[in-house]
Amino acid sequence: ALTEAEIAEIGDVSVPVDNFTNISCSVYPTLTQQDGQLYFSEDCEVAQIRMLALDGRLIFQTDFRQSIDLAEYPIATSIYFLQIIDRQGNIQTKKIVIE
């Protein structure tokens with residue numbers, strides 16, 4: 001068992017989030033699955049795209065491409081997190097709702 005002081009010390013641990021940033025990249029549509037595709041703006045300088053379920057399960061991870069056909073992946077109606085990772089390892093997370 002941990003002492004109260006040990007628990008307080010563990011609670012003060014911080015995790016650096018230097019790699020979380022605003023990456024210049026737009027995703028659309030952002031709130032619905034209109035034609036089953038996710039599109040990315042022309043100005044994206046992105047290396048990888050990941051989609052995660054609300055429970056943290058990885059739905060897919062792929063090298064960047066201008067559009068992603070969601071029919072290729074096991075996606076149900078739900079809320080997902082889309083992680084956009086640039087070439088320097090910076091990550092931007094967006095929420096998308098698939099209807």
Side-chain angles (χ1 to χ4, degrees):
L2 297 174
T3 67
E4 190 174 321
E6 289 170 324
I7 293 171
E9 185 178 319
I10 292 170
D12 289 337
V13 174
S14 62
V15 177
V17 290
D18 295 342
N19 67 332
F20 285 82
T21 186
N22 287 328
I23 297 171
S24 176
C25 184
S26 298
V27 182
Y28 51 95
T30 55
L31 296 176
T32 186
Q33 182 181 3
Q34 293 177 358
D35 65 354
Q37 301 278 329
L38 283 179
Y39 298 97
F40 298 88
S41 59
E42 297 288 328
D43 62 344
C44 291
E45 294 185 17
V46 175
Q48 246 181 11
I49 304 291
R50 289 185 202 138
M51 182 179 270
L52 304 164
L54 283 176
D55 64 3
R57 208 171 11 95
L58 181 66
I59 302 299
F60 70 79
Q61 179 172 325
T62 183
D63 290 337
F64 177 73
R65 48 190 199 233
Q66 253 358 97
S67 68
I68 295 175
D69 184 359
L70 296 177
E72 297 176 25
Y73 306 100
I75 297 175
T77 299
S78 187
I79 299 169
Y80 295 91
F81 296 108
L82 194 67
Q83 289 186 328
I84 301 167
I85 304 135
D86 71 9
R87 291 177 182 91
Q88 290 75 41
N90 298 313
I91 300 170
Q92 182 177 20
T93 301
K94 295 178 179 279
K95 177 182 80 171
I96 61 170
V97 177
I98 304 296
E99 296 179 338

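The first residue in the sequence is number 1, and the count goes up from there.
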Restricting to pairs with a member in [range], which pass disulfide bond (SG atoms under 2.5 Å apart), not counting sequence neighbours?
range	result
residues 35-96	C25-C44
residues 52-99	none
residues 63-99	none
residues 55-99	none

Requested in this report: Not counting sequence neighbours, which residues clear side chain to side chain donor-acceptor pair (under 3.5 Å) with Q61? List them please.
Outcome: Q48, R50
**Report entry** Partner residues of S41 under the side chain to side chain donor-acceptor pair (under 3.5 Å) criterion, sequence neighbours left out
**Finding:** D43
I'd like to check the side chain to side chain contact (heavy atoms under 4.5 Å, CB included) partners of [X]; sequence neighbours left out, ordered by chain and number.
X	value
D55	A53, R57
T77	none
Q88	D86, N90

Query raised in the report: Atom NZ of K94 and atom CG of L82: how far apart are they, to the nearest 0.5 Å?
Result: 8.5 Å
Report summary line: Taken to the nearest 0.5 Å, the spacing of L70 CG from I96 CD1 works out to 6.5 Å
Requested in this report: Kindly state each residue pair satisfying ring pair (Phe, Tyr, Trp, His ring centres under 6.0 Å) with at least one member in residues 49-91, sequence neighbours excluded.
Outcome: F40-F64, F60-Y73
Query raised in the report: Of the non-hydrogen atoms in V46 and I85, which two are nearest, and what is the gap between them?
Result: CG1-O, 3.2 Å
Report summary line: Applied to residues 68-78, the salt bridge (charged side-chain N to carboxylate O under 4.0 Å, His left out) test, sequence neighbours excluded, yields R65-E72
Requested in this report: Any chance you could lay out the side-chain contact (heavy atoms from CB on, under 4.5 Å) test for I49 and L38, step after step, and finish with the verdict?
Outcome: CA-CA 11 Å; I49 304 291; L38 283 179; 6.0 Å; no
